[in-house]
Amino acid sequence: MNKEFALGKAYKLCSIKRIDRLFAEGQRLKAYPLTLMYQETHDEMEHTFQVLFSVPKKRMKHAHDRNYVKRCLREILRLNKAPLEKHLTDCHKKINFALIYQFNERMSYAELEQKLIKALDKLIIELTHEE
RNA sequence: CAGGCAAAUCAGUCUAUCGCUUUUUUAAAGAGGAAAGUCCGGGCAGUAUAGAGCGUCGUACUUCCUAACGGGAAGGUCUCGAGAAAGGAAUUUUUCGGGAACAGAAAGUGCCGCAGAAAGGAAAACUACCUGAGCGCUUGCGCAAGGGAAAAGGUGAAAAGGUGAGGUAAGAGCUCACCGCUUUGGCAGUGAUGUCAAAGGCAAGGUAAACCUUACGAACUGAAAGACCAAAUAUACCGAGGAUUGCAGCAAUGCAUAAAGGGCUGCUCGUCCAAUCUCGGAGGGUAGGUUGAUGGAUUCCAAGCGUGAGUUUGGAACAAGAUAAAUGAUAGACAACUGCGUUGAAUUUUUCAACAAAGGAUACAGAACCCGGCUUAUGAUUUGCCUUUUUU
């Protein structure tokens, strides 16, 4: 089976300690309506990055709306993660990052796709700059 | 045609591509009627607990159902609206549809604005009514202290039983009939209550969603509860083994080292204790993981019992288990439904049947230990009842 587009459990950032550290020490990258928190790491991981999706309850009151946005984000990342993965493999880097949705209403899949791809491009540029 | 109430059913299906979670991994399964609000009640778990009382909180017509409830079923009472019947009237009976925080006001305390003469002590005399000491004179009229009187007027949510008659100076349950009320007793009912009879001239108005009284119930916490496994690191503890020195000083001692002190002895050796190092064990326990946690007051079907909520017996089924939290995204098709139109029949407003362009799933909403309820949100269809409007 072609695993090119898979985004399984190993990609998920689950450890509470790592999440705490990410939010305490990580760097912030704004790409409205999304915010990325990212941090280079040396933890043992199967893949080049681990990610978590967050939609604040403050902004989206209903659970079904939050679920919808998270699903869309996950789906888009799944389909568009290739460039990021390639870059990280080339540089021999590993990162943890969080995707935070900072908008008060639901967006369509197409809109979100556009925004997220932009954000990922920005992230790659930032990572290059750091070197 | 529109609106309201009640009940029932459903909450899209299929295909392709790329994915997610779980498990017994060539495969199978994967959100709701409210998963929601977290408002009640239980299970489950931990902690506490001799018994009793006070306090606090909750509940409040009756009986029943239930694991339990503040939930439900059946019944009762009162009350509101509409209608009908009896009667001269007061009033009573009855039908249909709603509503009730529906225990106690004769244990005690508090409160009852404005209006009104008087609003709780069985109160109160403004107008009008009756009587009239006395005064004035035109001698049968006027004024009038005081007294009688709750019948009429007026005020109020409410004026102290009602209607009719007798009675009286005028009046009054003062007396009588009927109605209502209260008390007592009989009968019916498991009971709330109902009904019949007798007695009482009728007495202590409302407010308990004011304090309060009475009866019944409640120990507290909450799945982040609780139980278990357990790396790394450090280690009070246990066992085995190693090492126990160097420098300064007469010595005490000081310095160094991971550590090198004390008992037995005059001293050395030895041995014991302590300290220290290495290895092993053990314990608690962090990261992390397992469990709790999905087979149950379960669901469906049938039969019996019960007015009913329910319940008993038999048979069948296993139906999400995630944990920064899965159950999705994209594209297409189908279908419920709406139906521009076309054809046929009855007919010539229209009705019924068939075909059908086009539109076409859109509402409320996402399990977080599990159940029973309640409440709220909400799309569509069907059935029943009620109301309004228009047309014939």
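The sequence lines fix the lettering, A, B, ..., with proteins before strands; numbering per chain opens at 1. Every heavy atom of this structure was used, including side-chain atoms; hydrogens, water molecules and symmetry mates were not.
- Atom pair A/K70:NZ and B/C20:P shows a separation of 18 Å (rounding to whole Å applied).
- Atom C1' of B/A31 sits at a distance of 7 Å from the matching atom of B/A320, rounded to the whole Å.
- Between the C1' atoms of B/C386 and B/U77, the separation comes to 27 Å (whole Å).
- B/G372 sits 39 Å from B/U25 when the C1' atoms are compared, rounded to a whole Å.
- For A/K122, the side-chain contact (heavy atoms from CB on, under 4.5 Å) test picks out A/L29, A/A31, with sequence neighbours left out.
- A glycosidic torsion no more than 90° from 0 defines the syn conformation, and B/A31 adopts it.
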Return the polar atom pairs (N/O with N/O) between nucleotides 362-366 of chain B and the protein under 3.5 Å, or none.
residue: B/G366; atom: OP2; partner: A/A63; partner atom: N; Å: 3.3
residue: B/G366; atom: OP2; partner: A/H64; partner atom: ND1; Å: 2.7
residue: B/G366; atom: N7; partner: A/N67; partner atom: ND2; Å: 3.2
residue: B/G366; atom: O6; partner: A/R71; partner atom: NH1; Å: 3.0

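- No side-chain heavy atom of A/N96 sits less than 4.5 Å from a side-chain heavy atom of A/Y38.
- If you take atom P in B/C61 and the same atom in B/A101, they sit 9 Å apart, rounded to whole Å.
- Syn is the classification of B/A319, since its glycosidic angle stays within 90° of 0.
- Nucleotide B/C126 is matched to B/G153 when pairs are restricted to Watson-Crick or G-U wobble geometry with both distances under 3.5 angstrom.
- B/C228 is paired with B/G289 under the criterion used here, namely a Watson-Crick or G-U wobble arrangement in which both key atom distances are under 3.5 Å.
- When both distances must be under 3.5 Å, the Watson-Crick or G-U wobble mate of B/A11 does not exist.
- Pairing for B/U347 is absent, with no Watson-Crick or G-U wobble pair whose two atom distances lie under 3.5 Å.
- With its glycosidic angle more than 90° from 0, B/G42 is assigned anti.
- Under the Watson-Crick and G-U wobble criteria, each requiring two contacts below 3.5 Å, nucleotide B/G134 is paired to B/C143.
- As the counterpart of B/G88, no nucleotide is assigned, since no Watson-Crick or G-U wobble pattern has both distances under 3.5 Å.
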